Number of protein chains: 2
Amino acid sequence: MDMRKLVGQNVKRIRQEKGLTQEQFSLVSGFSQQYISGLETGNRNPTVVTVYELAKALGVSHLDLFRTPSSRTRQDR
Amino acid sequence: MDMRKLVGQNVKRIRQEKGLTQEQFSLVSGFSQQYISGLETGNRNPTVVTVYELAKALGVSHLDLFRTPSSRTRQDR
DNA sequence: ATGTGACTAATAGTCCGTT
DNA sequence: AAACGGACTATTAGTCACA
């Protein structure tokens, strides 16, 4: 399991569900657009504190950023 | 929410449930006993990849290391 | 609107020893 | 058996210029 990609894909999916661009998410989260890009493409290995800040900015539980597709319930999708 | 302490307490609890000492867990996980000590006391901020490796060594899902007490079901406890 | 390469400062994680 | 500290190396945080 590639945790970098898992977290990155979850951030990307939830961000898009909220209708945010990387630049808009950059403003609300305080992270740079480039850093968010690196995260979403799975090129970053964030710490647990960083993931928590991302989840907070997205308005979801930190657990949501660690879920695999199979661990998400149908109503999540 | 202090993610360092949350992860640390979960590691400590599950390790103890398995009846492992920090030194034994050090051997199966490949992380040093000193590092595990720092983790469990909430003084470390591990990366998501590290948390995944810890979970694998403990034989649990990585999600189990991110759960708050209130997000754990009764049969977990 | 997103991704990449290069960069510095901070910190993740090591090994040594000690308590 | 668990925690603490110092010195050390590898990796991450976070940015900028640009594609």
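These figures come from a predicted structure and were not determined experimentally. Within every chain, numbering begins at 1; the chains are lettered A, B, ... in the order of the sequence lines, protein sequences first and strands thereafter.
Checked by distance alone, B:Gln33 brings a side-chain donor or acceptor within 3.5 Å of a matching partner on the base of D:dA3.
For A:Thr47, whose side chain is taken as the heavy atoms from C-beta onward, the closest listed nucleotide among C:dA1, D:dT12, D:dC18 is D:dT12. Nearest to the side chain of A:Gln22, among C:dG13, D:dA2, C:dT2, sits C:dT2. Out of D:dT15, C:dG13, D:dA3, the shortest distance to the side chain of B:Phe31 is found at C:dG13. In this structure, of C:dT4, D:dA3, D:dG14, it is D:dA3 that holds the atom nearest to the side chain of B:Thr41. Closest to the side chain of B:Glu23, out of D:dC4, D:dG14, D:dA1, is D:dA1. Of the candidate nucleotides C:dG17, D:dA2, C:dT4, C:dT4 has the atom nearest to the side chain of A:Ser37. Set against D:dA2, D:dT12, D:dG14, the side chain of A:Thr50 has D:dG14 as its closest nucleotide.
Proximity of a side-chain donor or acceptor of A:Thr47 to a complementary backbone N or O of B:Asn45 within less than 3.5 Å is not detected. Panel note: side chain A:Arg15, backbone A:Leu20; a donor-acceptor pair is recorded below 3.5 Å. Counting only distance, with no hydrogens or angles, the side chain of A:Asn10 and the backbone of A:Arg67 share a donor-acceptor pair below 3.5 Å.
One finds a side-chain N or O of A:Arg4 lying less than 4.0 angstrom from the OP1 or OP2 phosphate oxygen of D:dT12. Between B:Arg15 and the phosphate of D:dA2, there is a side-chain N or O to OP1/OP2 separation shorter than 4.0 Å. Under 4.0 angstrom from either OP1 or OP2 of C:dT4 there lies at least one side-chain N or O belonging to A:Asn43. Applying the 4.0 Å criterion to OP1 and OP2 of C:dG13, one finds that B:Ser32 has every side-chain N and O outside that range. Phosphate contact (OP1/OP2 of C:dA12, side-chain N/O of B:Asn45, threshold under 4.0 Å): present. OP1 or OP2 of D:dA13 lies within a sub-4.0 Å distance of a side-chain N or O belonging to A:Tyr35.
Rounded to an integer number of Å, the gap from CG of B:Leu39 to C1' of C:dA12 is 10 Å. Separating the CD atom of A:Glu53 from the C1' atom of D:dT12 is a distance of 16 Å, rounded to the nearest angstrom. Rounded to whole Å, the distance from CD1 on A:Ile36 to P on C:dT2 is 10 Å. Remark: C1' of D:dT11 and CE of A:Met3 are 17 Å apart, rounded to the nearest angstrom. For the pair B:Lys12 NZ and D:dA2 C1', the computed distance is 8 Å after rounding to whole Å. Going from atom CG of B:Leu20 over to atom P of D:dA1 covers 12 Å, rounded to whole Å.
Here the CD1 atom belonging to A:Ile36 is positioned 11.0 Å from the CD atom belonging to A:Gln24, to the nearest 0.5 angstrom. Interatomic distance, A:Leu54 CG to A:Lys56 NZ, rounded to the nearest 0.5 Å: 10.5 Å.
A search for ring pair (Phe, Tyr, Trp, His ring centres under 6.0 Å) contacts involving A:Phe66 returns B:Phe66, not counting sequence neighbours.
Among the heavy atoms of the strands lying under 4.0 Å from B:Gly30 are primed sugar atoms or P, OP1, OP2 only; no base atom is included.
Checking B:Gln24 against B:Val49, the closest nucleotide of DNA chain D that is more toward the 5' end is the one next to B:Gln24. Both B:Glu40 and A:Gln34 lie near DNA chain D, and the one whose nearest nucleotide falls closer to the 5' end is B:Glu40.
A rotation axis mapping the C1' atoms of four pairs onto the next four is fitted at both ends of the helix from C:dT2-D:dA19 to C:dT19-D:dA2 over five pairs, and the angle between these axes is 50° to 10 degrees.
Judged by distance alone, the side chains of B:Glu40 and B:Gln9 never bring a donor and an acceptor atom under 3.5 Å apart. At a cut-off of 3.5 Å, with distance as the only test, a side-chain donor of B:Gln33 or B:Gln22 sits close to an acceptor on the other residue.
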